[in-house]
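Written out below as structure tokens is the structure these notes cover.
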Amino acid sequence: MPRIDRYMLTQYLTQFGFFALVLVSVYWINRAVQLFEQLIQDGQTALVVLEFTALTLPLVISLVLPVAAFAAAAYGTSRLASESELTAMQAAGMSPWRMARPVLVFGVIVGVMVAILAHGLVPMARARLADRQAEIAENVTAQFLRAGVFQYPADGVTLFIGEMAPDGRLRDLFLEDARNPADQAIHTAEEALVLRTDSGPRLVMQRGMTQNLRAEAGAEPRLSVTRFADLTYDIGGLFAAQARKDRDLRTYSTARLLSPDAALLEATGASPPRARAEAHERIAQPLLAPIGALLGFAMLLLGGYSRFGVWRQVIWAIVALVVVHGLSTAAASRTAQSPEAWPILYLAPLIGALIAAAALWTAARPRRVRAPSVPAEAAA
């Protein structure tokens, strides 16, 4: 690589490191605060919160790196222009297409980083996060057994505990199970214990009452009341269903998504076109990094020298980036509804490449300088 290319590439990589660190920190802190509040409310420790926030970091980095590449290219090009280095390169005979070569190399480097994250680290982190969420969901004592608060461990299930004794007994328990509208049950007990068995956690209620409201076809609902000394209630199914929801296509590798097998489709409940669409979305994501870098460079070459800087070109570059990312988001939403339309995922990078090429072509065209008008008397 020529020395001028290495110089420009070094400038962009330096700026990229700064913008990536700032954007990742802001984005990650915002998500970590939301996750922190949720986990602390569920009674988790600080180590669990730290583990969960660390597992979300690869996803945050993969989303931020293309934007950081654009910011580094735009800022680095603006700095080269303000210090007249771009003017010197053009005076030396370098065309905009030639000057864009190190920018393209820079974008490809960032794209490789995004590809490693999207195809490797992010699915692994999501899978680990799903496993940890399933483990925590099984820890009923830590997540749902809190006194004095109405809790909803599953749709149609309401749980209330009046007091928790130091030895683990639950006092004044109220449990409503309305998941089946035709057979609703309300359990109340003076005391209860949570026992862990091989088949999952069980709730053993003592000295209580069960009220069942059954609605039969063509008849009035019937209410039956049963008093009991001991009653065992299976609460493991409430949390197993919630844990299964957390595991989806995003936890599997790209190779398996491109050729989905029966085990994957059964575990996720997705169709083969939906699995392939998820894989193509990962493939298209790294393409936004070199496109963003080229947009940040090419748009700043438009227009001539101005002592007021290149703020107009920066605005146009931001508009172009917003358009490309907007198209990418719209394509992902459309593909989520119609997986067979996955080719539109590559439309946003293609349009971004065309915009950057048009900007470089415009910048490479010789500018016509209007000659000053000469009065007729002076010409005579």
Side-chain angles (χ1 to χ4, degrees), residues 1 5-6 8-28 56-78 80 96-97 99-123 125 250 254 278-301 314 316-332 335 342-360:
M1 180 180 293
D5 290 352
R6 291 198 301 269
M8 295 180 64
L9 183 60
T10 302
Q11 295 292 319
Y12 291 130
L13 289 175
T14 302
Q15 301 300 329
F16 169 75
F18 170 76
F19 284 108
L21 179 61
V22 172
L23 293 176
V24 168
S25 300
V26 173
Y27 201 115
W28 186 47
T56 61
L57 189 57
L59 175 62
V60 172
I61 296 177
S62 66
L63 296 176
V64 167
L65 287 189
V67 181
F70 166 81
Y75 182 82
T77 305
S78 175
L80 293 174
W97 298 96
M99 290 188 293
R101 188 169 68 179
V103 181
L104 180 60
V105 174
F106 162 68
V108 170
I109 292 175
V110 179
V112 171
M113 297 180 186
V114 177
I116 294 174
L117 290 168
H119 297 288
L121 296 181
V122 173
R250 295 173 295 180
T254 306
E278 174 67 25
H280 285 286
E281 185 174 351
R282 294 183 189 177
I283 297 174
Q285 182 181 357
L287 300 178
L288 295 177
I291 297 303
L294 288 174
L295 287 176
F297 172 78
M299 300 299 289
L300 267 68
L301 296 183
V314 171
W316 282 111
I318 295 175
V319 171
L321 181 71
V322 171
V323 169
V324 171
H325 279 262
L327 291 174
S328 177
T329 303
T335 306
W342 60 263
I344 65 175
L345 292 170
Y346 300 96
L347 184 61
L350 178 60
I351 292 179
L354 292 177
I355 294 175
L360 290 174

*Who are the side-chain contact (heavy atoms from CB on, under 4.5 Å) partners of L360, not counting sequence neighbours?*
P96, W97, A100, F297, A298, L301
*Might you point out which heavy atoms bring G111 and P286 nearest each other, and give the distance in Å?*
O-CB, 3.4 Å
*Would you check if the side chain of S78 reaches a backbone N or O of A74 as a donor-acceptor pair within less than 3.5 Å?*
no
_I'd like to know whether F70 forms a side-chain contact (heavy atoms from CB on, under 4.5 Å) with I318, so could you lay out the CA-CA distance, the side-chain angles of the two residues, the decisive distance to 0.1 Å, and finally the verdict._
CA-CA 9 Å; F70 166 81; I318 295 175; 4.1 Å; yes
*Mind jotting down which residue pairs meet the side-chain hydrogen bond (donor to acceptor under 3.5 Å, both in side chains) criterion with at least one end in residues 282-295? Sequence neighbours excluded, please.*
T254-R282
*asked:* Among residues at least two apart in sequence or on other chains, which ones pass side-chain contact (heavy atoms from CB on, under 4.5 Å) with L288?
replied: P66, V324, H325, S328, P349
*Nearest non-hydrogen partners of A20 and L65, listed with the distance*: CB-CD2, 4.1 Å
_Show, in sequence, the C-alpha distance, side-chain angles and deciding distance for V24 and L57, and conclude whether the side-chain contact (heavy atoms from CB on, under 4.5 Å) test is met._
CA-CA 8 Å; V24 168; L57 189 57; 4.0 Å; yes
*Find out whether I283 and Y346 are in side-chain contact, i.e. whether some heavy atom of one side chain is under 4.5 Å from a heavy atom of the other.*
yes
*side-chain contact (heavy atoms from CB on, under 4.5 Å) partners for Q11, two or more places apart*: Y7, R79
*List for me each residue that meets ring-ring contact (aromatic ring centres under 6.0 Å, His included) alongside F106, sequence neighbours excluded, and say none if there are none.*
Y12, F16
*Can you tell if the side chain of L295 reaches within under 4.5 Å of the side chain of I355, non-hydrogen atoms only?*
yes
*asked:* W342: which residues meet the ring-ring contact (aromatic ring centres under 6.0 Å, His included) condition with it, sequence neighbours left out?
replied: H280
*asked:* Restricting to non-hydrogen atoms, name the atom on A73 and the atom on A293 that form the minimum distance, rounded to 0.1 Å.
replied: CB-O, 3.3 Å
*Any chance you could measure M8, atom CE, to M99, atom CE, to the nearest 0.5 Å?*
7.0 Å
*How would you list all residue pairs meeting salt bridge (Lys or Arg N to Asp or Glu O under 4.0 Å) that involve residues 16-25, not counting sequence neighbours?*
none
_Contact summary for A284 and L345, nearest pair of heavy atoms_ = CB-O, 3.7 Å
*Which pair of heavy atoms, one from T77 and one from G296, lies closest together, and at what distance?*
OG1-O, 4.2 Å
_Gap separating the CG atom of L23 from the CD1 atom of I61, nearest 0.5 angstrom_ = 12.0 Å
*Pairwise distance CH2(W316) to CG(L321) - rounded to 0.5 angstrom*: 14.5 Å
*asked:* Quick check: do I351 and L327 have side-chain heavy atoms less than 4.5 Å from each other?
replied: yes
*How far apart are the closest heavy atoms of L300 and A317, and which atoms are they?*
CD1-CB, 4.2 Å
_Listed partners of L121 passing side-chain contact (heavy atoms from CB on, under 4.5 Å), at least two apart_ = P58, L117
*Taking only residues two or more places apart in sequence or in another chain, which ones pass side chain to side chain donor-acceptor pair (under 3.5 Å) with T335?*
none
